[in-house]
K.L.:
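This is the structure I have questions about; it appears just below.
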Amino acid sequence: MSEPSRFDRGHTDDLMTFLAASPSPYHAVANTAARLEKAGFRQVAETDAWDGTSGGKYVLRGGALVAWYVPEGAAAHTPFRIVGAHTDSPNLRVKPLPDTGAHGWRQVAVEIYGGPLLNSWLDRDLGLAGRLTLRDGSTRLLNVDRPLLRVPQLAIHLDRSVNADGLKLDKQRHLQPVWGLADTVRDGDLIAFLEEETGLAEGEITGWDLMVHSVEPPAHLGRDRDLVAGPRMDNLLSVHAGVAALTAVAGRDLPCIPVLAAFDHEENGSQSDTGADGPLLGSVLERSVFARGGTFEDRARAFAGTVCLSSDTGHAVHPNYAERHDPTHHPRVNGGPILKVNVNNRYATDGSGRAIWAAACEKADVPFQSFVSNNSMPCGTTIGPITAARHGIRTVDIGVAILSMHSARELCGVDDPHLLANALVAFLDG
């Protein structure tokens, strides 16, 4: 089989398409699954018995997906090479009783998901997307991708101190979006609207997992168009790079089994049946070993040789706040992906992991940078330490450096997404 061409800026253009089409984790995994299917992967159900045949396979569970490719003749103890990422992003999510309002305004009751930059959601045209559960237990994706809601900011005339003292937002009172006018609040209005929007009968929707999103599409930015602005880069950028890399290596004669694990709920702790702290990844890997006739000993050997790259976005040095960064570690956009290190295990990288990452980047001819937090600032974390601790798998934290992390609209360099994808191909290639 001929070697695939290296990813270039066309990959970044495709990322922008992927971001726009994936306003929720459920859309993200559906779009990822479609790309896998196009590459010859097939979905397997967790309730079915699995066989040990070679080829590409994937499991869907809610807003999470695990995909893997078994090379022809792979032994039961063949180790895995995993790219781990997450599908969720901080945002505003619809409450169980969504209909609210006051003073002639019709509003939607929302809850804060994860740790968003709250001010970034103000005065934006917002759509509504997610998953609907119907009376018969089936689910349907929803994407109202047009200006439907808005969280209006208070005029400066009514808050004269806002520029001097900073914006102060109460999460309960100040972030409920408006979506129209009404003299009285009527329970069921939002769901009735969604039933009409999707052509469903009245009373057909009995459950929902819905969230708002900015309808402004991703865009190139800058004099030289060397930046990309868009939503949900944290962390759909890594999901997109991961599926591109996995499908690129599928079909090769590999010494390992390449895997993409795209989890949900990273932004609120990963403790769910679709999160990195749940059993999904371990169950898939173990069943793959046993389906190929393996024993517990084979499982232990496979896990001992396995490596996971936890790929998540990181912080590029901010030109207006450089003092917030470590003085000797200033990752720059378009400088290549970053290796994330924290000696207190907020990231899982150690020296041996660094060597694995460096070898992959050298093989791909991709530059990389290092990131550590300023000692005076708390360090964030990822699925990396969770994966390492839960499964006993060597894990390395990497990603792409961006600005405006956790904003409704983030910023990255135009070259970093395809540089990351090329490095992931080299890693998955073994």
K.L.:
Would L154 and V162 satisfy side chain to side chain contact (heavy atoms under 4.5 Å, CB included), going step by step from the backbone distance to the final call?
P.N.:
CA-CA 10 Å; L154 184 64; V162 63; over 6 Å; no
K.L.:
If you measure only the distance, is there a donor-acceptor pair under 3.5 Å linking the side chains of D312 and H86?
P.N.:
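Judged by distance alone, the side chains do pair up.
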K.L.:
Ignoring hydrogens, what is the shortest heavy-atom contact between R42 and E37? Give both atom names and the distance.
P.N.:
CA-OE2, 4.2 Å
K.L.:
Test your reading of the model: is there a side-chain donor-acceptor pair from E197 to the backbone of V144, 3.5 Å cut-off?
P.N.:
no
K.L.:
Write down the atom of H315, the atom of H325, and the distance for their closest heavy-atom approach.
P.N.:
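Where H315 meets H325 most closely, the heavy atoms are CB-CE1, 4.3 Å.
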K.L.:
Can you tell which of T274, D273, D88 makes a side chain to side chain donor-acceptor pair (under 3.5 Å) with H265?
P.N.:
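Among the candidates, only T274 passes.
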K.L.:
For a 4.5 angstrom cut-off between non-hydrogen side-chain atoms, does D13 reach H220?
P.N.:
yes
K.L.:
Determine yes or no for a side-chain-to-main-chain donor-acceptor pair under 3.5 angstrom, with D264 supplying the side chain and G275 the backbone.
P.N.:
no
K.L.:
Would you find a donor on one side and an acceptor on the other, under 3.5 Å apart, between the side chain of R131 and the backbone of D209?
P.N.:
no
K.L.:
Before you tell me yes or no, could you show the steps for C379 and N344 under side chain to side chain contact (heavy atoms under 4.5 Å, CB included), namely the whole-Å CA-CA distance, both residues' side-chain angles and the distance that decides it to 0.1 Å?
P.N.:
CA-CA 9 Å; C379 180; N344 293 303; over 6 Å; no
K.L.:
Is the count of non-hydrogen atoms from other residues, nucleotides or ligands lying under 6.0 Å from D224 atom CG greater than 12?
P.N.:
yes
K.L.:
Could you go step by step and tell me if F427 and I356 meet the side chain to side chain contact (heavy atoms under 4.5 Å, CB included) rule?
P.N.:
CA-CA 8 Å; F427 168 74; I356 293 170; 4.1 Å; yes
K.L.:
What pairs meet the ring pair (Phe, Tyr, Trp, His ring centres under 6.0 Å) rule with one or both residues in residues 373-424, with sequence neighbours excluded?
P.N.:
none
K.L.:
Under a plain distance cut-off of 3.5 Å, with no hydrogens placed, do R332 and N334 share a side-chain donor-acceptor pair?
P.N.:
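The answer is no; no qualifying pair exists.
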K.L.:
Do L280 and V284 make a side-chain contact, defined as non-hydrogen atoms from C-beta onward lying under 4.5 Å apart?
P.N.:
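Touching, per the 4.5 Å side-chain cut-off.
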K.L.:
Would you say the side-chain atoms of R292 pair up with the backbone N or O of A75, donor to acceptor, closer than 3.5 Å?
P.N.:
yes
K.L.:
Do you see a donor-acceptor pair shorter than 3.5 Å between the side chains of N91 and S89?
P.N.:
no
K.L.:
If you look at every heavy atom in P331 and A401, which pair is closest and at what distance?
P.N.:
CB-CB, 4.2 Å
K.L.:
Ignoring hydrogens and geometry, is there a side-chain-to-backbone donor-acceptor pair from Q176 to Q107 under 3.5 Å?
P.N.:
no
K.L.:
Applying side-chain hydrogen bond (donor to acceptor under 3.5 Å, both in side chains), name anything that partners E362, two or more places apart in sequence or on another chain.
P.N.:
none
K.L.:
Measure the shortest side-chain to side-chain distance between V243 and L65 over non-hydrogen atoms and say whether it is less than 4.5 angstrom.
P.N.:
no
K.L.:
By the definition ring pair (Phe, Tyr, Trp, His ring centres under 6.0 Å), identify the one residue from F41, F80, W50 that meets it with W68.
P.N.:
W50
K.L.:
To check you understand the geometry: which heavy-atom pair defines the closest contact between E267 and Y113, and what is its length?
P.N.:
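It is CB-CE2, 3.9 Å.
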K.L.:
Got N345 and T381 here, is their nearest side-chain heavy-atom distance under 4.5 Å?
P.N.:
no
K.L.:
Please test D397 against T349 for side-chain hydrogen bond (donor to acceptor under 3.5 Å, both in side chains), starting from the C-alpha separation and ending with a verdict.
P.N.:
CA-CA 6 Å; D397 271 292; T349 306; 4.7 Å; no
K.L.:
Checking E72 against S54 for the side-chain hydrogen bond (donor to acceptor under 3.5 Å, both in side chains) test, could you report, in this order, the C-alpha distance in whole Å, the side-chain angles of both residues, the deciding distance, and whether it holds?
P.N.:
CA-CA 5 Å; E72 192 73 36; S54 60; 3.0 Å; yes
K.L.:
Side-chain contact, heavy-atom cut-off 4.5 Å: R81 with I257?
P.N.:
no
K.L.:
Quick one: are V259 and T306 in side-chain contact, heavy atoms under 4.5 Å?
P.N.:
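No, too far: nothing below the 4.5 Å cut-off.
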K.L.:
Looking only at atom types and distance, does a side-chain atom of R301 sit under 3.5 Å from a main-chain N or O of A76, one as donor and one as acceptor?
P.N.:
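Judged by distance alone, no pair lies under 3.5 Å.
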K.L.:
Students often mix this up, so state it plainly: with edges at 30° and 60°, are the rings of Y347 and F371 parallel, tilted or perpendicular?
P.N.:
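Because their plane-to-plane angle is over 60°, the rings of Y347 and F371 count as perpendicular.
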K.L.:
Parallel, tilted or perpendicular: which describes the rings of Y321 and H318, with under 30° parallel and over 60° perpendicular?
P.N.:
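Plane angle over 60°, so perpendicular.
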K.L.:
What verdict does the side chain to side chain contact (heavy atoms under 4.5 Å, CB included) test give for Q153 and L167, after you've listed the backbone C-alpha separation in whole Å, the side-chain angles of each residue and the deciding distance to 0.1 Å?
P.N.:
CA-CA 10 Å; Q153 189 168 188; L167 179 65; 3.8 Å; yes
K.L.:
With the threshold set at 4.0 Å, does a side-chain nitrogen-carboxylate oxygen contact exist between D429 and K363?
P.N.:
yes
K.L.:
Is there a donor-acceptor contact under 3.5 Å from the side chain of H174 to the main chain of D170?
P.N.:
yes
K.L.:
About how many Å separate CG of L281 and CD1 of I383, when rounded to the nearest 0.5 Å?
P.N.:
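Result: 8.5 Å between the selected atoms.
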K.L.:
Do the non-hydrogen side-chain atoms of L190 and L128 ever get within less than 4.5 Å of each other?
P.N.:
yes
K.L.:
So, K95 side chain and V108 main chain: donor-acceptor pair closer than 3.5 Å or not?
P.N.:
no
